[in-house]
Amino acid sequence: MYRIIALFLLIVTSKYSFAQTKPLEIIKIHKTKTSYRTYEVAGDRLFAITDSGQLIIWDLAKYDTIRFAKHNPLTRYTAIGKDRKGNIFLGTEQGHIYKIDAADLGYSEHLKIKYPIKYICFNSKNKMFLMVPYGIYDPISKKAWTRFKTVTGGISGIKRTGSTRHLSIPHFVFFDHEDRWWLCSNHGEFGSEIKIFDAKREKAYDEKIDSLQTGSLFPKSVFNDSKGNTYLTSGLQHMMNFGEIYKIASGNVASKIFDAKNLSEKDVELVENNGLFVGPGAYNLIDGNVYFATQKGIYKAELPEEGILKNFVPLFNPELTWSREPLAIGAKMSYVSLRFIEDGKLIIQTANDGIVIYNGRNLIFLK
């Protein structure tokens with residue numbers, strides 16, 4: 001049985017090194033020996049935390065690192081957030097929060113709490129909230145929220161919606177245009193979870209999202225468009241490739257706008273016949289397109305007013321380092337997140353190959 005699984009993994013992972021679909025110059029700039037856990041962008045500076053908890057600051061205009069010796073090199077950072085004024089905040093396992101002025105790189109201790117800090121966010125009024133084990137925490141009032149309604153899914157995971165459970169540390173978070181903090185975890189075929197915190201009303205979010213097919217939900221990203229809609233990408237590799245994208249409009253009504261199992265004849269020819277393992281996505285404000293990652297690289301698609309995604313095309317497929325999903329059959333998505341910044345660049349965080357910048361002409365790998 002082990003040999004069969006190993007052979008299967010060899011076959012599927014060997015298909016992840018296609019040549020690029022468009023000729024782009026690949027530029028690799030290595031400054032660290034590890035990959036990045038998370039990052040924030042302020043102006044033309046990218047503040048990234050490495051897997052080892054170190055802070056690396058990149059100048060996105062010069063694609064070079066900025067020397068920053070103001071902090072203690074022994075400090076290990078676990079979280080990063082950006083407030084509404086563009087200041088950067090760093091959290092540690094010991095409960096320290098440090099503030100960096102993105103303009104002049106001024107560095108100071110902002111506050112200290114008694115809990116490890118896992119995520120940081122700011123609502124539309126610039127109020128700070130923290131993710132700590134195991135809840136959402138207001139460091140000023142010291143109020144905590146620990147019980148949330150859960151949306152679950154997965155082939156062998158719990159398939160029910162609406163259960164109230166304690167909050168576990170999510171795999172990724174997203175703060176949307178309605179001050180909702182999405183807290184998402186994905187365990188491959190073993191299940192997934194989505195919980196939401198309403199940072200505007202300061203309460204666990206308990207409104208139902210209609211038509212979200214939770215039994216087959218494997219969240220990879222959440223993002224917004226320019227019209228107030230929220231999108232959720234879902235993907236899994238378990239013997240086969242699976243991928244879906246949901247649009248959540250006003251009124252919390254979800255509709256599936258992409259399904260790798262139901263492609264047109266033209267689209268089947270485009271992606272071949274073994275489907276797409278969909279990863280994270282992002283909305284491009286400049287061209288109005290949705291961009292999403294797959295095992296075949298990055299695609300973009302026109303976003304219609306209604307109906308499904310149309311005219312999606314492959315952009316590029318860089319060679320990345322893929323790995324197995326822990327305790328599962330299949331590969332782990334090698335793309336962690338996609339995000340467009342104000343100047344139109346696409347920031348691509350990978351699992352093993354650092355951060356990639358796409359500027360329309362070339363791909364710059366930062367590590």
Side-chain angles (χ1 to χ4, degrees), residues 31-145 169-170 172-175 179 181 183 197 199-200 202 337 339 341-343 347 349 354-355 357 366-367:
K31 296 285 185 174
T32 66
K33 295 181 181 180
T34 61
S35 295
Y36 296 109
R37 179 185 304 170
T38 183
Y39 72 94
E40 283 288 352
V41 175
D44 60 0
R45 291 171 174 173
L46 186 149
F47 299 78
I49 298 177
T50 69
D51 285 343
S52 60
Q54 292 297 298
L55 173 67
I56 304 295
I57 305 176
W58 287 90
D59 184 330
L60 295 181
K62 300 178 180 179
Y63 297 117
D64 197 3
T65 54
I66 297 174
R67 186 174 181 273
F68 184 67
K70 297 180 182 180
H71 69 95
N72 186 338
L74 298 179
T75 301
R76 297 292 182 266
Y77 300 111
T78 55
I80 188 169
K82 182 174 70 173
D83 73 2
R84 301 289 167 157
K85 298 180 181 179
N87 298 304
I88 299 296
F89 291 81
L90 303 167
T92 73
E93 193 72 21
Q94 291 74 37
H96 294 278
I97 297 180
Y98 298 96
K99 176 182 176 181
I100 299 179
D101 185 314
D104 62 10
L105 297 184
Y107 179 85
S108 61
E109 183 168 343
H110 182 67
L111 55 85
K112 169 73 168 66
I113 66 172
K114 60 181 179 180
Y115 306 109
I117 300 167
K118 302 301 182 182
Y119 293 97
I120 304 171
C121 81
F122 293 85
N123 69 9
S124 55
K125 294 182 179 180
N126 211 29
K127 182 174 180 178
M128 174 186 284
F129 292 92
L130 307 173
M131 162 73 71
V132 300
Y134 291 92
I136 304 299
Y137 184 69
D138 179 345
I140 304 303
S141 69
K142 298 184 179 180
K143 183 177 180 180
W145 295 264
I169 302 301
F172 73 89
V173 300
F174 177 76
F175 200 83
D179 277 18
W181 205 9
L183 317 169
F197 177 69
K200 182 181 294 183
E202 299 187 16
S337 69
R339 185 193 308 182
I341 57 177
E342 292 181 357
D343 65 1
I347 311 294
Q349 183 184 354
I355 291 172
I357 313 295
L366 306 179
K367 193 173 180 180

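Nothing here was measured: the structure is a model prediction, and the numbers come from that model.
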Test side chain to side chain contact (heavy atoms under 4.5 Å, CB included) applied to T92 and I117, step by step
CA-CA 6 Å; T92 73; I117 300 167; 5.6 Å; no
Does the side chain to side chain contact (heavy atoms under 4.5 Å, CB included) test come out yes or no for L183 and I136, once each step is laid out?
CA-CA 10 Å; L183 317 169; I136 304 299; 4.1 Å; yes
Take H96 and H110 through the side chain to side chain contact (heavy atoms under 4.5 Å, CB included) test and state the conclusion after the steps.
CA-CA 8 Å; H96 294 278; H110 182 67; over 6 Å; no
Take M128 and I97 through the test side chain to side chain contact (heavy atoms under 4.5 Å, CB included) and record every step on the way to the result.
CA-CA 11 Å; M128 174 186 284; I97 297 180; 3.8 Å; yes
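Minimum heavy-atom separation, A48 to L46: CB-CD2, 3.6 Å. The two residues G354 and Y36 have their closest heavy-atom pair at CA-CD1, 4.1 Å. When every heavy atom of Y77 is checked against every heavy atom of Y107, the shortest pair comes out as OH-OH, 2.8 Å. Closest approach of N87 and A102 over heavy atoms only: OD1-N, 4.4 Å. The shortest heavy-atom contact between I120 and G91 is CD1-N, 3.8 Å. For the pair A42 and I88, the tightest heavy-atom approach, listed with the atom from each and the gap, is CB-CD1, 4.2 Å.
D138 places no side-chain N or O within donor-acceptor distance of the main-chain N or O of K143, the cut-off being under 3.5 Å. Checked by atom type and distance alone, the side chain of R45 never pairs as donor or acceptor with a backbone atom of E40 at under 3.5 Å. Side chain of K82 to main chain of V41: a donor-acceptor pair is present (N/O by atom type, distance under 3.5 Å, no hydrogens or angles). Between the Y119 side chain and the P170 main chain, a donor and an acceptor come within less than 3.5 Å of each other. Using a distance-only test at 3.5 Å, with no hydrogens or angles considered, no donor-acceptor pair links the side chain of K85 to the main chain of D101. The closest donor-acceptor contact from the side chain of N123 to the backbone of A199 lies under 3.5 Å.
With a 4.5 Å cut-off on side-chain heavy atoms, E93 and K118 count as touching. K367 is not listed as a side-chain neighbour of K33, based on a closest heavy-atom distance of 4.5 Å or more. Looking at heavy atoms from C-beta onward, I341 lies in side-chain contact with L60 at the 4.5 angstrom threshold. Side-chain atoms of R339 and Y39, non-hydrogen and from C-beta on, do get closer than 4.5 Å to each other. Side-chain atoms of L90 and T75, non-hydrogen and from C-beta on, never get closer than 4.5 Å to each other. D59 is not listed as a side-chain neighbour of Y63, based on a closest heavy-atom distance of 4.5 Å or more. In this structure the side chain of L55 reaches within 4.5 angstrom of the side chain of I100, judged on heavy atoms.
Between atom CZ of residue F197 and atom CE of residue M131 there is a gap of 10.0 Å, rounded to the nearest 0.5 Å. Rounding to the nearest 0.5 angstrom, the gap separating the CZ atom in R84 from the NZ atom in K125 is 12.0 Å. Between L130 atom CG and C121 atom SG the span is 8.0 Å, to the nearest 0.5 Å. In this structure, the separation between CZ on F47 and CH2 on W58 is 14.0 Å, given to the nearest 0.5 Å. Rounded to the nearest 0.5 angstrom, Q54 CD and L74 CG are separated by 8.5 Å. Here the CG-NZ distance, from D44 to K62, works out to 9.0 Å after rounding to the nearest 0.5 Å.
Salt-bridge formation is not detected for the pair K99/D83: no Lys NZ or Arg NE/NH1/NH2 atom is positioned less than 4.0 Å from an Asp or Glu carboxylate oxygen. The residues E202 and K127 are annotated as salt-bridged, a charged nitrogen and a carboxylate oxygen being separated by less than 4.0 angstrom.
Other residues, nucleotides and ligands place more than 12 heavy atoms under 6.0 Å from the CD atom of E109.
Side-chain polar atoms of S52 and T50 form a donor-acceptor pair below 3.5 angstrom.
Across F122, Y98, F129, a single residue satisfies ring-ring contact (aromatic ring centres under 6.0 Å, His included) together with F89, and that is F122.
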